[in-house]
Amino acid sequence: MGRAKSVNLNESCPVTQIVAISGTTTVMLAWDIIEKDREGLLGFSIRRRQANQDWEWLNSGGKKFPPSEKAVQEEQVDDNENSTRSNIAPIQAFMWNDYTAAHNTIHDYAIHAFYSGGVDPHYVSVTIKTESNQDTLSSHRVFFNKGVAGSQAFSKRFPASSSFELTADAKAWLSNGLAESLISFIDGALPGDTLRGAFYEFTFQPALQALARAHNRGVEVKVVVDCTSKGAKSRNTSLPEDAGGESTRVDLDVAITIKDKAKAMGARFDWDTKKWYAPAELDYARRKALAARFGKRNSRLAADDAIDTCGHGLREVIIRRERKGGGIPHNKFLIHTQKSGDSAVWMGSANLTDSAMYGQANVAHIIRDKDISDAYTKYWEKLSTDPTTGVLREWNILNSKEDDIKGNWEGAKVFMSPRSKSSKLLTSYADMLGEARQQACLTAAFGVNKLLADKLEQQTGEGGARRYILKESSDKKDDTFSKLSCNRVVCGAVLKESVGEGFVAEQLTGLNDHVAYVHTKFMLLDPLSATPVVITGSGNFSYASIFDNDENMVVIKGNTRCADLYYVEFMRLFRHFAFRDYIKALGAGRSQNWTYLATDESWISGHFHGHKFEDRRMILEAWVPASNQQELNNAPVIDMNKTGVQDTYTKEDTTEAATFDLVDETTNNDEDLRKEVETLKEKNAVQESRIDALTNMLQSVWNRLTKLEGDKPQ
């Protein structure tokens, strides 16, 4: 029941229709209103009911009417705790995402128009059930981590984590079930079962310990691990006092991208040697944490250190992938085969590292399909022999055929790499992207390959496919497709300072030296149609991922449930970063007015043309099964004076990671906004290219600025 639609046939209620799309803990809502009822419209109020419990007003995300405007609802400026309830401070949008929906639960949503007199008692409601990812017999189970440590929700909920180590609660919030999905997958293996895995990075102790436990209880465990010379190296985490010595300065290896985190944890910078260090006067726990996070790299593989740290016989189950012939062993998968022959595969974008689980955005996908499991098992058996790149390419020609990837079929198929230089797989991915009729979504951790970029540079025209590209960082070579009206391109970012009342500065976990925001590798084609396509796995849609690396990708066609699970999470991340990317483009001091609502209907016009209208159109035109559609001839009415109706509200931040969806409410002229942002991004791109070329100079400038602010070396 991932999609539902209600159509209102009674003109006494301004709201004409609602469409809802659900994931596991996210529900997307879009609605429309009768044109004659737009006059004087100040927004919408949303009520939610979970599992037939009491109704509650959702929070609107932080925006309020200006303090000087008391004619609408005076109580909103006097009641800080309740002042962003949507029945007090309405939602000035025609779309809303609820990021605190309960897992596997029936939800009712009621949408009311809001005018100068307050909430219109007439409403239209829709009922939808969120999906379960705990049913072990399900063909597809999908797990996204939060991927947004740099968010208002995390910064306010776990303020201590911004300066020191992550607490257990903070890790659980950031993991959001991703790490737990792997641990439970391993723990579900019984004596006599087999676990076969292949991993690029292999240092996440909870997973390593789970594998060791499985081995010791009689599960046949074998794991192929990257042990090439290019593999990640371990850090020197020892301190002088560990060997009985005195506490002295310890030099650190801090990437410029995470210097703020190092500083927050107590690290200092030596102006003479130009090195970061852990001061001798810091307490032992903090020095140890700094060494663990930023210690100097040595020549030993991080995986070897992690395996030895785990112990308990784990070394006995490791197969070293020392691979010759170029490329990297970039797989991330684990196969569980029961004694009965039933099997499942855990796969996706997540390496076995703390940064993958608690930092950058990642996804894991558990597939229970015999053909898929068999394909992975055969591939693993070949990997376990440590073949050269050339040998594995030849094997894939015979065993991982791509002839029918674009065919008219339903189900799931797997495509392994490396492939021969004659492979057309990447071309097929690009063609499928270009052939999307309604919508396409792409995540790009390491930029957009030229074959895909060429397709994105083709304008789709009015009413054509909308394309959403979520990238780790900006790249000037993507400027051509970024400027097309049919494309929306967003890059990872955080709010480095408050942008208005109620905001706080955000900071990443510091776990990621390289990819800080977006590490997922998937593409969605017409995801809201009756015939969606999901392409997901370990590959970055790049030449290297096709021709050189060990990779695995799964193409899933015609599975609307699977597409919905990916789509709502993609849009959660997209909208989260869209606001931050926009604020970054505006620059400091230009964003302080975003926390105020319009006091008349002027906010509406921007929602009936441009990207806001098109984004909403995608939801309203989604294919919904007839069994999940309803027509309402009577517009129900609530008694606004009834005890509990107006005073019951959710105390959770229902926008959670999305930070208010403010990017959709910042202007009335969508085209002016687009031009302004593009101009600002172009200016920023020039600045960024200079910064990239002069990294050392940037570090020096930052040091001098910090010193001027009073943070003198110790």
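Treat the numbers as computed from the prediction; the structure is a model and nothing was measured.
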Hey, can you tell me if Phe199 and Trp346 have their rings parallel, tilted or perpendicular (30° and 60° cut-offs)?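 Ring orientation, 0 to 90° scale: tilted.
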According to the interplanar angle, ranging from 0 to 90°, do the rings of Tyr543 and Phe547 count as parallel (below 30°), tilted (30 to 60°) or perpendicular (above 60°)?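 Tyr543 vs Phe547 ring planes: parallel.
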Where at least one partner belongs to residues 174-183, residue pairs that pass salt bridge (Lys or Arg N to Asp or Glu O under 4.0 Å), sequence neighbours excluded: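 Sorted result for residues 174-183: empty, none.
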Under the salt bridge (Lys or Arg N to Asp or Glu O under 4.0 Å) definition, can you give me all pairs with a residue in residues 236-248, not counting sequence neighbours?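 Only Glu241-Arg287, Asp242-Lys288 qualify under salt bridge (Lys or Arg N to Asp or Glu O under 4.0 Å).
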Keeping Lys496 on the side-chain end and Val494 on the backbone end, is there a donor-acceptor pair under 3.5 Å?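 No, the answer is negative, given that no donor and acceptor are paired below the 3.5 Å cut-off.
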Measure from the side-chain N and O atoms of Glu201 to the backbone N and O of Asn351, and report whether any donor-acceptor pair falls under 3.5 Å.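 The answer is no, because no donor-acceptor pair under 3.5 Å joins these two groups.
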Quick one: OG1 on Thr353 to CZ on Phe204, what's the gap to the nearest 0.5 Å?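 Between Thr353 OG1 and Phe204 CZ, I get 8.5 Å after rounding to 0.5 Å.
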Going by side chain to side chain donor-acceptor pair (under 3.5 Å), name the residues that satisfy it together with [X], two or more places apart in sequence or in a different chain.
| X | value |
| --- | --- |
| Tyr379 | Asn331 |
| Arg249 | Asp251, Asp270, Thr273 |
| Glu457 | none |
| Ser238 | Asn236 |

In chain order, what residues pass the side chain to side chain contact (heavy atoms under 4.5 Å, CB included) check against Val317, with sequence neighbours excluded?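 Here the qualifying residues are His215, Val221, Leu314.
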Decide whether a cation-pi geometry holds between Lys146 and Trp173; the criteria are a distance under 6.0 Å from NZ or CZ to the six-membered ring centre and an angle within 45° of the ring axis.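 The answer is yes; both the distance and angle limits are met.
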Could you list the residues that satisfy ring pair (Phe, Tyr, Trp, His ring centres under 6.0 Å) with Phe522, not counting sequence neighbours?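 Per chain and number, Phe522 pairs via ring pair (Phe, Tyr, Trp, His ring centres under 6.0 Å) with Phe144, Tyr566.
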Cationic N near anionic O, under 4.0 Å, [X] to [Y]:
| X | Y | value |
| --- | --- | --- |
| Arg315 | Asp308 | yes |
| Arg293 | Asp253 | no |
| Arg393 | Asp548 | yes |

According to salt bridge (Lys or Arg N to Asp or Glu O under 4.0 Å), who are the partners of [X], at least two apart in sequence or on a separate chain?
| X | value |
| --- | --- |
| Asp454 | Lys450 |
| Arg297 | Asp513 |
| Lys471 | Asp478 |
| Arg323 | Asp550 |

Quick check on Lys233: does its NZ atom have over 12 non-hydrogen neighbours (other residues, nucleotides or ligands) under 6.0 Å away?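 Yes.
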Please tell me if the side chains of Lys259 and Lys263 come closer than 4.5 Å, counting only heavy atoms from C-beta onward.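 No. Closest side-chain heavy atoms not under 4.5 Å.
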